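Single-structure report; data block below.
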Amino acid sequence: MAVSTPSVANRDASIPAKPRSERLTELFRKQKEHHLTVRNTTADERRARIRRIRDGIRNRRQEIRDALYADFQKSPEEVDLTEVKSVIDEANFALTHIEEWMASESAPTPPLLTGTSSEVRYEPKGVVLIISPWNYPFNLTLGPLIAAIAAGNSVIVKPSEYTSNSSRVMREMIDELFDPREVALVEGAVETSQALLDLPFDHIYFTGSPEVGRIVMRAAAEHLTSVTLELGGKSPAIVDATADVDDAAAKIAWGKFTNTGQTCIAPDYALVHESLYDAFLERVRHYICTYYGDTDDARRTSPDYARLVNQKHFSRVQSLLTDAMQSGARAVIGGQTDAESRYIAPTVLSHIPDGARIMEEEIFGPVLPVLPFRDLGTAIDRINARPNPLALYLFTNEEDNETAVLDRTHAGGTCINEVLLHYMNPHIPFGGNGHSGIGMGHGKYAFQEFSHARSVLRRSYGSKLMRYIYPPYGSMTRRMIDAALKYL
């Protein structure tokens, strides 16, 4: 049942306006004061809160489609698959498993501690902050929120100002469904984020770029606040000599150009064995035409091809493309741009020169550089020369090559003969490694990110047993120590 509570904005409208930072501090204080009530909620009470989000998404499905079309020109089918379904799946998974996640876990007892029993209790961290990105605004805001609620936290959510239509729909939904002392969504730009980061949250869950992730981590360090950072990086796709080149091309083209390349785990570039290089370029070109149209005019008017989120991001991706082309790269397909509509054609590049910026920066747009390699070791070395990616994709039919890539590279997650799909499995963790992130999301892994694993030891009998190792140390102490060390 929805909680009918005035939003922060509505309450502020009836009193003289306070400075933004003061209003945020007051909101944070109220959540702190109320948190003991939230902390002690039962599994059923947390389920009820999660159902509000799930049902709110269902009830606002058309509003969500309209908002994302206004923000990105996304097709309703892509919205339903990548935003609506993802949040509902996350909610349903939590509803099914929350009781087992909340349950204490018993732990074994070593011989020296005979007479005791131990367990691990999962407790909410407290008042947490979720700062979400613009590229999948509903999915990457409400997914972590579900986990934070499942863990029993009070939550302040700050979505991106870049997708104002989506943020507005989420704010209206959160205002309608929650007491702001439990869950509140605040809108704003950099100043709002900085004011929030100045507050002593118990945990911060940030999704965004490595550059901003460093800012978040520095701010968190001032309060010794724990963080989850889901970042990005240049995620490679390897197509080895044994791969099904048609299958690889179809999947990489889909993974790259969904959401116009604005996906943190999109294949950023492809490394293709030289024996398959020309065939791969031809098949990727074929699938771009299949997905979005045979001509640039058809692709511009395709209802299934979105736009870059804003002019700033358009200009950044366009500059990477221009630099590559001016340096000698060739467009196998695409290369056209239109600033007025923030359109960049789905583009595949070959002959990328050394030193091109497009191979140094995360692209986060619809441009796929394709580079040949002669042996797998060279491809692995190229990947290892860069910071750890958020995802790594390998297309192969050779088990030894799969083993070599898994053993000799680091990545947040990996798909073999697939792209993106590891994100869709709630039973496995999703997150980065080093430069691409800290901590994990999805399912019980996200629940644990928002929880403190509290160890509890109880003495059941033999309350004086440990006194034999108290000082002053004598022969009995020595015999006990020798006996204990004998088995180490």
Side-chain angles (χ1 to χ4, degrees), residues 232-240 243 245 248-289 291-292 299 308 313-337 344-374 376 378-395 405 409 411 415 419-420 435-436:
K234 293 187 73 63
S235 297
I238 303 173
V239 181
D240 78 5
V245 67
K251 291 171 177 175
I252 290 171
W254 170 71
K256 178 63 178 183
F257 300 110
T258 293
N259 201 31
T260 329
Q262 299 167 115
T263 304
C264 59
I265 54 172
D268 192 89
Y269 63 101
L271 298 169
V272 180
H273 191 269
E274 60 184 12
S275 65
L276 300 180
Y277 187 75
D278 290 340
F280 179 83
L281 292 176
E282 188 278 324
R283 297 316 291 165
V284 169
R285 188 183 192 287
H286 165 79
Y287 281 109
I288 289 173
C289 293
Y291 300 158
Y292 306 113
R299 293 187 279 274
L308 281 295
H313 188 54
F314 168 86
S315 298
R316 191 190 69 80
V317 177
Q318 183 187 47
S319 72
L320 293 176
L321 175 59
T322 299
D323 174 77
M325 297 287 285
Q326 290 178 346
S327 300
R330 302 177 190 173
V332 176
I333 187 173
Q336 301 87 358
T337 67
I344 295 180
T347 299
V348 177
L349 297 180
S350 66
H351 298 84
I352 298 93
D354 292 337
R357 286 175 50 216
I358 204 161
M359 292 307 300
E360 300 300 323
E361 301 177 24
E362 183 179 9
I363 300 169
F364 221 67
V367 183
L368 177 68
V370 183
L371 298 91
F373 69 87
R374 179 164 295 178
L376 187 61
T378 302
I380 290 172
D381 289 344
R382 181 182 283 272
I383 292 168
N384 288 339
R386 307 182 189 283
N388 298 340
L390 184 56
L392 186 153
Y393 304 112
L394 171 63
F395 288 84
V405 170
T409 62
C415 289
V419 297
L420 309 188
H435 183 84
S436 57

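Given the structure is predicted, the values throughout are model-derived calculations rather than measurements. This chain uses plain numbering: 1 for the first residue, then up along the sequence.
- Rounded to the nearest 0.5 Å, atoms CZ (R283) and CD1 (I288) are 12.0 Å apart.
- Separating the CD atom in E361 from the CG atom in L320 is a distance of 5.0 Å, to the nearest 0.5 Å.
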Please evaluate residues I383 and I238 with respect to the criterion side-chain contact (heavy atoms from CB on, under 4.5 Å), reporting the C-alpha separation (whole Å), side-chain torsions for both, the decisive distance (0.1 Å), and the verdict. CA-CA 10 Å; I383 292 168; I238 303 173; 3.5 Å; yes
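- Checked by atom type and distance alone, the side chain of Q262 pairs as donor or acceptor with a backbone atom of N259 at under 3.5 Å.
- Between V367 and V317, the closest side-chain pair of non-hydrogen atoms falls below 4.5 Å.
- Applying the side chain to side chain donor-acceptor pair (under 3.5 Å) rule to S350 yields no partners; only residues at least two apart in sequence or on another chain are considered.
- No side-chain donor-acceptor contact under 3.5 Å links Y277 to the backbone of L271.
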Intermediate values then yes/no, side-chain contact (heavy atoms from CB on, under 4.5 Å), H313 and I344: CA-CA 11 Å; H313 188 54; I344 295 180; over 6 Å; no
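- Contact of the R285 side chain with the V348 side chain is not registered, since no non-hydrogen atoms from C-beta on lie closer than 4.5 Å.
- Applying the ring-ring contact (aromatic ring centres under 6.0 Å, His included) test to H273 and every residue at least two apart in sequence or in another chain returns F373.
- By the side chain to side chain contact (heavy atoms under 4.5 Å, CB included) test, S235 pairs with P389, L390, A391, sequence neighbours left out.
- For the pair P346/Y291, no side-chain contact is recorded, criterion being any heavy-atom separation below 4.5 Å from C-beta on.
- Here F280 pairs with nothing under the ring-ring contact (aromatic ring centres under 6.0 Å, His included) rule; sequence neighbours left out.
- Here the side chains of R330 and L349 are not in contact, with every heavy-atom distance at 4.5 Å or above.
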CA sep, side-chain torsions, deciding dist, call: V405, I380, side-chain contact (heavy atoms from CB on, under 4.5 Å): CA-CA 7 Å; V405 170; I380 290 172; 4.2 Å; yes
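- Residues meeting the ring-ring contact (aromatic ring centres under 6.0 Å, His included) test with F314, sequence neighbours left out: none.
- F395 CZ to I252 CD1: the interatomic distance, rounded to the nearest 0.5 Å, is 4.5 Å.
- Counting heavy atoms from C-beta outward, L308 and P366 have side chains that approach closer than 4.5 Å.
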Verdict with supporting geometry, T347 and L321, side-chain contact (heavy atoms from CB on, under 4.5 Å): CA-CA 9 Å; T347 299; L321 175 59; 4.1 Å; yes
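- Listed for the S319 side chain is a donor-acceptor partner under 3.5 Å among the backbone atoms of R316.
- Considering CG of D381 and OG1 of T409, their distance stands at 11.5 Å, rounded to 0.5 Å.
- With rounding to the nearest 0.5 angstrom, the NZ atom of K256 is 11.0 Å from the CG atom of L420.
- A salt bridge (charged side-chain N to carboxylate O under 4.0 Å, His left out) check over residues 267-282, counting only residues at least two apart or in different chains, returns the pairs K234-D268, E274-R374.
- Minimum heavy-atom separation, A324 to P353: O-CD, 4.4 Å.
- Y269 carries R386 over the face of its six-membered ring, with the cationic atom under 6.0 Å from the centre and within 45° of the normal.
- Residues R382 and L371 come closest through the heavy atom pair NH1-CD2, 3.6 Å.
- A pairwise comparison of heavy atoms in L392 and A411 identifies CB-CB, 3.8 Å as the closest pair.
- Looking only at side-chain heavy atoms (C-beta outward), Y292 and F257 come within less than 4.5 Å of each other.
- Annotation: side chain of C289 is in contact with side chain of I333 (closest heavy-atom distance under 4.5 Å).
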